[in-house]
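Note on naming: letters A, B, ... go to the chains in the order of the sequence lines (proteins, then strands), and numbering restarts at 1 for each one.
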Amino acid sequence: MLTELRRQVGDALAEALDEAGYDADPDLEDPPEGVDADIASPVAFKLSGDPTAIADELASAVSLDDRPLIGWVGTQGPYLNFRASELYFERVLGSATDDGYPTLPEKDETIVLEHTSANPTGPLHIGRARNPVIGDSLARVMRAAGYDVTVEYYVNDMGRQVATITWALDEFDEDDVADLDGRDKGDHDVVRYYRRANEVLEGEEGEEYAERAEREIDELLQALEDGEEGALEHVGETVDRCLEGQLESLERLGASYDGFVRESGYVLDGTVDGVASRLKADSRSYEEDDAYALDLTDWGIDKELVFVRADGTSLYTTRDIAYHIDKFERSDRAVDVLGEDHKLQARQLAAALDALGYDRDPESVFYSFVSLPEGQMSTREGNVVNLDDLLDEAVDRARAEIEKRADDRDRDVDEVEETARAVGIGAVRYDIVARQPQKSITFRWDEALNFDGQHAPYVQYVGARASGIGQKTDAKPADPSDAVAELEAPEERALIRKIGELSAVVEDSADELAPHRLATYSRELAERFNEFYRDCPVMNADEDTKRARLALVTASRVAIERSLGLIGVETPEAM
RNA sequence: GGGCGCGUAGCUCAGUCCGGAGAGAGCAUCGGACUUCUAAUCCGACGGUCGAGGGUUCAAAUCCCUCCGCGCCCGCCA
């Protein structure tokens, strides 16, 4: 609802500026805490003259006709302040229980959002987990913001890594690799072969063996590139085995996909060859030692882009160009969630697409790496914290927390387990999504599993409290207009205001590709609810107040559930 | 070496894009609140030259420059 209020204030102020003969944008902002206003503007500073006098002039020029959400306009020194009307509060309270709240109007824009797209070489570790958590949250936020979003996972079934791992599965037996780590999943299974293969390739078992391995892997890669059916099918089996295990973990995290796009598809149908020949025709591309590269100095990039190897096979980026052309044809926008190590590659991709005549750029969200206190994680080295282990620990910890509470409530085993899952997984997701993607993270178990304050369980707890209040009465919540008239306490007003912000947060978050704003918002919302909860008893209040507060509790509960839901965190009924 | 990113309280982070009204939280520490709607909570105290220095501006954590520290990249890997 704040989006509508903002629009009315913006229009009103723009009109006033125009009438007063000033040429400036309304320049809206949130007033600081302690100022009794909902929206403010420092625009008077920007105009020549005495800012305080100009502010007064503008305030009296503002017309509130046909702008029923604005209740008051005034000044404080050079600042213009606007307050919301009672109608605004009623609308907030009423809209919170609408279907799909806070879905914004349709944007009529299609987006292909690609995220995770992990190499199928082993289990996902906690660093990789930033990708699906950010990506899935972004998908939910952008859908709520009115975009038509298709989420895709790009399956790498063509590259050297998958060839290596396939070779290793042929080369070695169960006896030749490390024992399974106790998880009977495809991703945990095949990584053991991958590690063994890398040991061989690094020459740990002799130069001769390393050379033979490399030769055989090259042959397999060549066969893939040539579209040999047997080779594709063989590698495909390896990829599926690993992918199945990875997807099980992603599903547990709550990330879902609309489609899986295989790299091999673009090689088989000839589009990769087409991309290569079109790039070769570009005057900036050149041949060197039988390989082909595109000079990128025109785009300010020092590093050339090699797009065909000396042996004629394609590279990841070449295939990625084909994929992005396909995305461009299928959508209005292409958004990619990528690790920061892909930054250069993303610029090269954009440059190549430009060279090929596409005037659009893919949009990228980059996240920084997660390291351990002792240093970088590496799947190849094996010094990683697996996502599966983190999720298990989180759920165990949540279960222990539930069980340690003295319980006069009856709770069956399924309910405890379901709540432990929602809280544990929610805590992990929230911990990841709450931080700006570009900030690097040092992973520490005690911090990741800390459930006190500023984390998902804090917000979820508020949701559970709100649920509890509604369940204990037959009294019906009041209608919004009756409720608002009754709800005059500062804590009540602050809570309604905060609920009203959700639509604006969704819009900003989608515009900025910044889902962490939802996490910040959900926490602020929970804080406002706790202040209300502390000072405004519901059940003991007189009948009218009780019904009014019940309406507010219901709206709060929905807002909590929706804001957490947009970052993929569930809200249990009870905790 | 070059490119990109990050640096805000002892620790973990919001705020930075788009400059505005005494820099905000949580954790930790100290002190309070469960016969009262869920104490995974709440209230209070303590804690800051917003990495350093310059500049622009009526106004800078926010914009510009220089420097320092850390991370990522600079593969015919992905």
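In this structure a side-chain-to-backbone donor-acceptor pair under 3.5 Å is present from A:Arg83 to A:Asp36. In this structure, the side chain of A:Glu152 does not engage the main chain of A:His115 through any donor-acceptor pair within 3.5 Å. A:Arg319 places no side-chain N or O within 3.5 Å of a backbone atom of A:Glu263 that could act as its donor or acceptor partner. For A:Ser285 (side chain) and A:Leu279 (main-chain N/O), a donor-acceptor pair under 3.5 Å exists by modelled atom type. Between the side chain of A:Ser368 and the backbone N or O of A:Gln438 there is at least one donor-acceptor pair closer than 3.5 Å. Put simply, the side chain of A:Ser41 gets close to the backbone of A:Asp27: a donor and an acceptor are under 3.5 Å apart.
Checking B:C6, B:C76, B:A78 against every side-chain atom of A:Gln438, the shortest atom distance belongs to B:C6. Of the candidate nucleotides B:A14, B:A21, B:A25, B:A25 has the atom lying nearest to any side-chain atom of A:Glu527. You'll find that the side chain of A:Asp302 is closest to B:G2, out of B:U41, B:G2, B:A14. Set against B:A39, B:C74, B:C27, the side chain of A:Asp452 has B:C27 as its closest nucleotide. The side chain of A:Glu340 lies closest to B:G71, out of B:A21, B:G71, B:C77. Comparing atom distances between the A:Ala40 side chain and each of B:U38, B:A78, B:A21 picks out B:A21 as nearest. The side chain of A:Gln436 sits closest to B:U16 out of B:G3, B:U16, B:C77. Among the nucleotides B:G5, B:C76, B:U38, the one closest to the side chain of A:Ala574 is B:U38. For A:Arg435, counting side-chain heavy atoms from C-beta on, the closest listed nucleotide (B:C72, B:C76, B:A14) is B:A14. Side chain of A:Leu315, nearest nucleotide from B:C77, B:C17, B:U38: B:C77.
Taking atom P in both B:U35 and B:A52, one finds a spacing of 49 Å when rounded to whole Å. With C1' as the reference atom, B:C63 and B:C17 are 11 Å apart, rounded to whole Å. Spacing between B:G24 and B:A9 at atom C1', rounded to whole Å, works out to 11 Å. Rounded to whole Å, the C1' atom of B:C42 lies 35 Å from the corresponding atom of B:C6. Comparing B:C34 with B:G71, their C1' atoms are spaced 47 Å from each other, to the whole Å. Spacing between B:G31 and B:G47 at atom C1', rounded to whole Å, works out to 16 Å. Distance check on atom P: B:U16 versus B:C11 gives 23 Å, rounded to whole Å. The C1' atoms of B:U49 and B:A61 are separated by 12 Å, rounded to the nearest whole Å.
Within the 4.0 angstrom heavy-atom criterion, only backbone atoms of the sugar-phosphate kind lie near A:His516; the bases stay farther away. Using a 4.0 Å heavy-atom criterion, one finds that A:Gln376 contacts the sugar-phosphate atoms exclusively. Looking at heavy-atom distances under 4.0 Å, A:Asp289 makes contact with a base. Across all strands shown, A:Ser368 has no heavy atoms under 4.0 Å from either base or sugar-phosphate atoms. Nucleic acid contact class of A:Tyr458 (heavy atoms, under 4.0 Å, all strands): sugar-phosphate only. Among the atoms of the strands shown, base atoms are found under 4.0 Å from some heavy atom of A:Tyr533. Contacts of A:Arg319 with the nucleic acid, taken as non-hydrogen atoms under 4.0 Å apart, involve only primed sugar atoms and P, OP1 or OP2. Base engagement by A:Val423 is indicated by at least one non-hydrogen atom pair under 4.0 Å involving a base atom. Among the protein residues, A:Lys546 comes within range of no part of the nucleic acid, since none of its heavy atoms lies under 4.0 Å from any strand. The residue A:Pro51 sits apart from the nucleic acid: no heavy atom pair falls under 4.0 Å. No contact: A:Gln348 has no heavy atom under 4.0 Å from any strand. A:Gln460 comes within contact range of no nucleotide atom at all, as no heavy-atom separation falls under 4.0 Å.
For RNA chain B, the stems formed by at least three consecutive Watson-Crick or G-U pairs, with both atom-pair distances below 3.5 Å, span B:1-7 with B:68-74, B:10-13 with B:24-27, B:29-33 with B:41-45, B:51-55 with B:63-67.
Both A:Phe451 and A:His455 lie close to RNA chain B; mapped to their nearest nucleotides by heavy-atom distance, the more 5′-ward contact belongs to A:His455. Residue whose closest nucleotide on RNA chain B sits further toward the 5' end, between A:Arg523 and A:Thr442: A:Thr442.
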Salt bridge (charged side-chain N to carboxylate O under 4.0 Å, His left out) between A:Arg421 and A:Glu570, intermediate numbers included: CA-CA 9 Å; A:Arg421 190 191 59 77; A:Glu570 294 173 39; 3.0 Å; yes
Derivation and outcome, salt bridge (charged side-chain N to carboxylate O under 4.0 Å, His left out), residues A:Arg549 and A:Glu492: CA-CA 8 Å; A:Arg549 286 180 177 166; A:Glu492 293 167 332; 2.6 Å; yes
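Taking only side-chain nitrogens and oxygens, A:Arg309 comes nearer than 4.0 Å to OP1 or OP2 of B:C77. One finds no side-chain N or O of A:Lys439 lying less than 4.0 angstrom from the OP1 or OP2 phosphate oxygen of B:C70. One finds no side-chain N or O of A:Asn156 lying less than 4.0 angstrom from the OP1 or OP2 phosphate oxygen of B:A78. For the OP1/OP2 pair of B:A33 and a distance below 4.0 Å, the side-chain nitrogens and oxygens of A:Arg534 include no atom meeting the criterion.
Under 3.5 Å, the side chain of A:Gln454 and the base of B:A25 form at least one donor-acceptor pair of N or O atoms. Between the side chain of A:Asn81 and the base of B:A21, a donor-acceptor pair under 3.5 Å is found.
Between A:His342 and A:Tyr316, the ring-plane angle classifies as perpendicular under the 30° and 60° cut-offs.
With its glycosidic angle more than 90° from 0, B:C18 adopts the anti conformation.
When A:Val506, A:Leu513, A:Asp511 are each tested for a side chain to side chain contact (heavy atoms under 4.5 Å, CB included) with A:Met142, only one passes: A:Leu513.
A cation-pi contact, defined as under 6.0 Å to the ring centre and within 45° of the axis, is absent between A:Arg465 and A:Phe529.
Going from atom CZ of A:Phe369 over to atom C1' of B:C4 covers 14 Å, rounded to whole Å.
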